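One structure below.
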2 protein chains.
Amino acid sequence: MMKTIADIANLAGVAKSTVSRYLNGGSVSEATKRKIELVINETGYVPNTFAQSLKAKKTNIIGTVVPRLDSFASSQILIGVDEKLREMNYQMLISNTNQSLTREIESIYSLSNQKVAGIILLATQITDTHIEAFEKINIPVILVGQQHDSVYSVIHNDESAAYELGKYILKKGHRKIAYLGVTNKDIAVGVKRKEGIIRAIKDEEELCEVNFYETGFDMNEAVSKASTIIERFKPSIIVCATDNIALGALKAAHQRGIRVPEELSITGFGGYEVTEITHPSLTTVKFFYKEAGCDAANGIIKLLKGEEFSPVTLSKYQIMERESVDKK
Amino acid sequence: MMKTIADIANLAGVAKSTVSRYLNGGSVSEATKRKIELVINETGYVPNTFAQSLKAKKTNIIGTVVPRLDSFASSQILIGVDEKLREMNYQMLISNTNQSLTREIESIYSLSNQKVAGIILLATQITDTHIEAFEKINIPVILVGQQHDSVYSVIHNDESAAYELGKYILKKGHRKIAYLGVTNKDIAVGVKRKEGIIRAIKDEEELCEVNFYETGFDMNEAVSKASTIIERFKPSIIVCATDNIALGALKAAHQRGIRVPEELSITGFGGYEVTEITHPSLTTVKFFYKEAGCDAANGIIKLLKGEEFSPVTLSKYQIMERESVDKK
DNA sequence: CTGAAAGCGCTTACAG
DNA sequence: CTGAAAGCGCTTACAG
């Protein structure tokens, strides 16, 4: 049988309110404290969360909305969020939207109905409907991976990372560059990474030939897109907007019997674990997803406590110089 | 301002109990139904979950305990569970234990305290402490990935899958086999897969030379283990207990300048997405993780409704014949 | 420091 | 079919 606060009060010979005060750090004399403590230990009493939340009208749950569960980046961010939250005695509730923007909006409202204390959104696109939802629910929201003026954001600093990667490949002598990117609807991945590369090329004094292509996030689509690029454009390097796309490009090169990096260099973005183990291993930009997750978790708790939190947090990155880029 | 059932009752000119009955499918006349419906639509009323749960003493939440978030198998299973649960109007609450058995036990109790309706455990090892916890919490539990006599299980049929894979490589002519497995503590992955291979070899009339090795689940460890095996044993094939290990073996071969599959064949288990894109693509056994997740979700709901559910459900598998195995 | 009482928003017998 | 009342397990002013 589940014990209630009334049982504890009876057993300890005090009032329910006193037990409640003991539990919540109110003023209780040392003597009664000890009595209550004893009873609680003996009975293994655990307060009913529903009753608590019903009164307090809030929970220590942070809702985390993710577009998909099966992506390296998502997993790592979630791990970071979960770890930090657990540390701070909060709980993470994951809501998977399966890449549906509609379900994303639904999730935001539904989490709010469940009285989560705050929401962390692993964002892809931020629409007006999102902003409207954020305003309506009236609890702290932090975006991870995308930036928006009216919401707190933790981003991966895609532009700088891309700029640095661009400088790197230029230094390696590449002048005939294919950039295989994704939709502009994704500001971070589609726009910022491309912009960083473009800025690096602009800074370069020598002339570069650059072609831009677009593909989806899916590996298989990347294989065929890359294959066509190799055939028609014959670049010395394919700069891919994600590691998955780079993996696809690598496959395309293998299929065509083109040696990487001797005949063709390839780079990615992300730093997925598997990029270390491919042959050749992939030169890429590593983002610190887990740390970004921690940052977001920290931020939401600060916001909850009414403390200061910067509107935009830049997460770290690191160029991983490996085998897939050769001197030209 | 949040509306309560009392507000709705007032606005509709009926009693709270009538609104409650309307909400829960009790008997309400068509006329009052319409009145209530109207008010609810206008106000956008949503019942307070805590109040509901406080009375009903249960939730429509299913707790899912996972050892790690960043594994292909886990992600797919979670996606399956989530999808099915959502369909049935249940919710999934994920608890990540970060591969800690202690945290696994803690999670079980903590989910139970939160009054989840049931628990799905993506299991690695089942200890007595687990069984004790399952008995104490007194709600339905389903294991995914491991089997145990006293708990409902959805398993991947590792033994049969391994047997079939064993038959396949034998038919390809391999007689000098290295099996790179994992700890026996993991019954499904460590024991069953090995047993399946052994059974296939026993069935074979010709003489086989087989060596068994053990490694961790980590890719990098697999690289060095495989490298040593290649050097010392010189097998014609390395059968790896997981795709990650196989990826490591592939890397080891590349590093040593050994051509796969011409000089060395390699197989995995799992059917991770990335195995299709490696060079050469990996011959492996694909498990239907997502479907297994669905099965588990279905099962837990059946159990909740008091319906029949088989103590052990065998999930499907499929040999993915690709490029990493050659005729010998 | 301590207790009695009211109330959070719902559901569920029980009458009618 | 419908309503009044009790109660789920807690917390929070309010007295003392």
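Lettering of chains follows the sequences in order, A, B, ..., and the numbering in each one begins at 1. All of these numbers come straight from a predicted model, not from anything done at the bench.
- Note: CD1 (I40(B)) to C1' (dG9(C)) measures 14 Å, nearest angstrom.
- When distances run from any side-chain atom of S29(A) to the nucleotides dT11(C), dC1(C), dT12(D), the shortest one goes to dC1(C).
- Here the P atom of nucleotide dC10(D) and the CZ atom of F50(A) are 12 Å apart, to the nearest Å.
- Side-chain atoms of K16(A) lie closest to dC10(D) of the nucleotides dT12(C), dC1(D), dC10(D).
- One finds no side-chain N or O of T4(B) lying less than 4.0 angstrom from the OP1 or OP2 phosphate oxygen of dG9(C).
- Minimum atom distance to the side chain of T18(A) is reached by dG3(C), of the listed dC10(D), dG3(C), dC8(C).
- Side-chain N/O atoms of Y22(A) include none lying less than 4.0 angstrom from OP1 or OP2 on dC10(D).
- Ion pairing of E87(B) with K84(B) is present here, as a side-chain N (NZ or NE/NH1/NH2) and a carboxylate O approach within less than 4.0 Å.
- Contact record, I5(B) with K16(B): CD1-O, 3.7 Å, taken as the closest heavy-atom pair.
- Taking every side-chain heavy atom of Y45(B) into account, dC10(C) is the closest of dC10(C), dC1(D), dG9(D).
- The CG-C1' distance, from L54(B) to dG7(C), rounds to 12 Å in whole Å.
- Comparing K55(B) and V19(A) by the nucleotide of DNA chain D whose heavy atom lies nearest to each, the residue mapping closer to the 5' end is K55(B).
- Residue Q114(A) contributes atom CD, which lies 15 Å from atom P of dC10(C) at whole-angstrom precision.
- In this structure, L23(A) atom CG and dC1(C) atom C1' are separated by 17 Å, rounded to whole Å.
- Cation-pi contact between K316(A) and F288(A): present, with separation from the ring centre below 6.0 Å and deviation from the ring axis of at most 45°.
- In the set dG9(D), dA13(D), dA13(C), dA13(C) carries the atom at the smallest distance from any side-chain atom of R21(B).
- Each of S27(A) and A51(A) was assigned the nucleotide of DNA chain C with the nearest heavy atom; the assignment lying further toward the 5' end belongs to S27(A).
- Q99(B) and E104(B) share no donor-acceptor pair across their side chains, judged by distance under 3.5 Å alone.
- Distance CG (N10(B)) to P (dC10(C)): 13 Å, rounded to an integer number of Å.
- A salt bridge does not link R34(B) with E37(B): none of the charged nitrogens is closer than 4.0 Å to a carboxylate oxygen.
- Contact between the side-chain N/O atoms of Q52(A) and the OP1/OP2 oxygens of dG9(D) is not found at any separation under 4.0 Å.
- Nucleic acid contact class of T32(A) (heavy atoms, under 4.0 Å, all strands): sugar-phosphate only.
- For DNA chain D, the stems formed by at least three consecutive Watson-Crick or G-U pairs, with both atom-pair distances below 3.5 Å, span C:1-3 with D:14-16, C:5-12 with D:5-12, C:14-16 with D:1-3.
- Ring geometry for F309(B) versus Y152(B): interplanar angle of 30 to 60°, hence tilted.
- Note: CG (D7(B)) to P (dG9(C)) measures 8 Å, nearest angstrom.
- At dG3(D), none of the side-chain N or O atoms of S17(B) fall inside 4.0 Å of OP1 or OP2 (strictly under the cut-off).
- Aromatic ring orientation, F50(A) versus F50(B): tilted (interplanar angle from 30° to 60°).
- Contact between the side-chain N/O atoms of N48(B) and the OP1/OP2 oxygens of dC8(C) is not found at any separation under 4.0 Å.
- Rounded to an integer number of Å, the gap from CD1 of I5(B) to C1' of dC8(D) is 14 Å.
- Taking the six-membered ring for Trp and thresholds of 30 and 60 degrees, H156(A) and F287(A) have ring planes inclined between 30 and 60 degrees apart.
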